[in-house]
There are 2 protein chains.
Amino acid sequence: MSSKVTIYEVALAARVSLATVSRVLNNPEKVKADTKDRVLRVIKELGYRPNAIARGLASRKTTTVGVLVSDITRASVAEMLAGIADIAMKYSYSVKLFSAHDDVNVIDLLKEIVAEQVDGVLLLNDELDLAHMKQIKDTLEENEIPLVLANVVYNDKNVPSVSIDYDKAGYEITKLMIEAGRKDIYLVSTVRKYSVNEQKELGYSRAMQESNLEPRIFRTSGTTSVNRQHFASYFSDKKVDGAIGVRDSIAVSFMNIMSEAGKKIPQDILVSGFQNTKYGILSRPTLTSIDVPVYDIGAVAMRLLTKLMNKEAVDQIKIILPHYIVRRDSM
Amino acid sequence: MSSKVTIYEVALAARVSLATVSRVLNNPEKVKADTKDRVLRVIKELGYRPNAIARGLASRKTTTVGVLVSDITRASVAEMLAGIADIAMKYSYSVKLFSAHDDVNVIDLLKEIVAEQVDGVLLLNDELDLAHMKQIKDTLEENEIPLVLANVVYNDKNVPSVSIDYDKAGYEITKLMIEAGRKDIYLVSTVRKYSVNEQKELGYSRAMQESNLEPRIFRTSGTTSVNRQHFASYFSDKKVDGAIGVRDSIAVSFMNIMSEAGKKIPQDILVSGFQNTKYGILSRPTLTSIDVPVYDIGAVAMRLLTKLMNKEAVDQIKIILPHYIVRRDSM
DNA sequence: CTGAAAGCGCTTACAG
DNA sequence: CTGAAAGCGCTTACAG
């Protein structure tokens, strides 16, 4: 029964007009105290809840944000979503999920997002090339829908984003290995281009070059079983005394293969991951990793978006969250 | 510009009425071929996309489903969401995420879901007690919103659900350990009550009792660091030669502690997990696990929901997907 | 402080 | 096969 109650019936029961009921809900300060109380009481009695769709149409605000995601199953993405969902709920926003796979046209998907009348968009998709990014940005701008990038690095001063400094993180971890006397340090990255991984690569390369060491980036697919083959064959004839995985799972996979090949970790090879996930705690040896506060990135990005949607002033459009290195047994 | 185009402008440009434009979109068979073509051309030229909110209000169908989740970060949940999102997109449904934490009132959240006018609800939350489940079911029924449970076990013949037979799975894996000669087999479960874990416990207990062995269920929190303490102290003075973790991460955690205590796996203790996640591939020894097709559970549940929303006939309201045991080094 | 009325952008009987 | 009109359930100037 509760959902059948409309604003009209509330008005009737409270002996006021629809306008007043609406005001009680949206601009309570404009309503006299006792009428407000009366209306509120009736609302409670009838279990009235305004129809969000009708409200959305009339006010041209849906209090819904669209979240554009590619692979939900990645630990970092799921964690970010948790942060987003929590803050969204806190500010009474709904979140609509849009998944952008390889086979879906991002621009078409974006048109759909626009058609869905979301008030803002969060982009968690860091596999997009620059042309796509620009199209997304432009389309949303045209439609006056604010956009915030979460854990995506995009080089445009005007696009709000929340992330850590991956370049710096890559630099620091590499530096630590160099200071520990290691020279043949590999960055184990992905074949697929992720904006954040490119930053890690930059920082890594810079640190290596500063010490006159040759940067060596090995790229593997994300798939654990495939990594296995890659690692085993590629590294069989290489000198390696340090390795940084762009993801914990990659780092653990690498450790396992090396251990099986008779290498001792950390004695022979220092290993570090990125993200500080459960993988690094459950692995043996346990994995040193860069802690990336993904939940916070999601939460802060969502909070920033609420401000943009409300046209509040924001002093910082590019937010860099702190990271730190969690030392464990692998390094 | 594209979003500013309304149905009215399309009608104008195509020299037809709004009604006809609407029909072209919703009941094309009722429109003469050449007017249809003309309208379609104009729609394309103007880049028209119907406003989903207006459409939702007028038709009382939002083509949106609500997904009620507690902990998104659990691997099984994220994977299910992937399946849900893919099928939702295939059938042109949007998915709205609602996260039900400990501190949010599920019933209030449900009222909000109803107010959001979703056409159907998917429940991924298997921590709910029976009273809550009944309330959810009743509220949705009242509002004629179909509900499908995904990976949740709820004993009501009238509530559609998709899952595997966890009872059977628990039975089978226990049986295998018993057949391997093990007698002191523990089920390592969670403190928190999950409906699926209760089923695993039932199957485990039955298998033990059938062999006149005493079922022993140890409950740990889900947190890896806490598990460590639990396991170390609890199992220090116990005889154990087999252990089944209700989640892979728990099983791996258990393996690690036992290994460190000098036990050999699988020689001294057979270990199995549940879910067949990456944890079991990256662990050493690698973990035997029950493969639960979580992606498929999500996909099938979403598909079932589309049928219910369309009032299509469904022959099976309770769908049990097959599972199988993936043997690896731990057993 | 409150109400009457227009309007948000669609869909859907109802006529023709 | 097509159009005029009512209506979905709200919000929001505009008067008073």
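Every chain is numbered from 1 and lettered A, B, ... according to where its sequence line falls, protein lines coming before strand lines.
Between the OH atom of Tyr8(B) and the C1' atom of dA5(D) there is a distance of 14 Å, given to the nearest Å. Rounded to an integer number of Å, the gap from Arg55(A) CZ to dG9(C) C1' is 19 Å. To the nearest angstrom, C1' of dC1(C) lies 12 Å from CZ of Arg38(A). The CG-C1' distance, from Asn51(A) to dG7(D), rounds to 14 Å in whole Å. For the pair Arg15(A) CZ and dT2(C) P, the computed distance is 12 Å after rounding to whole Å. What separates CD1 of Ile53(A) from C1' of dG9(C) is a distance of 13 Å, to the nearest Å. Rounded to whole angstrom, the span from the CG atom of Leu18(B) across to the C1' atom of dA5(D) amounts to 10 Å. Distance CG (Asn26(A)) to C1' (dG9(D)): 13 Å, rounded to an integer number of Å.
No donor-acceptor contact under 3.5 angstrom links the side chains of Asp126(B) and Tyr154(B), judged on distance only. Thr62(B) and Gln117(B) form no side-chain donor-acceptor contact under 3.5 Å, judged by distance and modelled atom types alone. Judged by distance alone, the side chains of Glu127(B) and Ser70(B) do bring a donor and an acceptor atom under 3.5 Å apart.
Nearest-nucleotide positions on DNA chain D place Lys30(B) closer to the 5' end than the other of Ala54(B) and Lys30(B).
Side-chain atoms of Arg60(A) and base atoms of dG7(C) include no donor and acceptor less than 3.5 Å apart.
The listed nucleotides are dT11(C), dT11(D), dG9(C); the one nearest the side chain of Ser59(B) is dT11(C). The side chain of Leu57(A) has dC8(C) as its nearest neighbour among dC1(C), dC8(C), dC10(D). When distances are taken from the side chain of Ser17(A) to each of dT11(C), dA4(C), dC14(C), the shortest belongs to dA4(C). The Ile7(B) side chain lies nearest to dT11(C) when the options are dA4(D), dT11(D), dT11(C). Closest to the side chain of Thr35(B), out of dG3(C), dC10(D), dC1(D), is dC1(D). You'll find that the side chain of Tyr48(A) is closest to dC10(D), out of dC10(D), dG3(C), dC1(D).
Under a 4.0 Å N-O distance rule, the pair Glu116(B)/Lys96(B) qualifies as a salt bridge.
Base pairing annotation: dA13(C) forms no Watson-Crick or G-U wobble pair, as no partner gives both donor-acceptor distances under 3.5 Å.
Without hydrogens or angle criteria, Lys137(B) side chain to Asp156(B) main chain gives no donor-acceptor distance under 3.5 Å.
Note on Lys32(B): only backbone sugar-phosphate atoms sit closer than 4.0 angstrom, heavy atoms only; bases stay farther off. Residue-level contact check: Thr20(B) touches the backbone only, with heavy atoms under 4.0 Å from sugar-phosphate atoms and none from bases.
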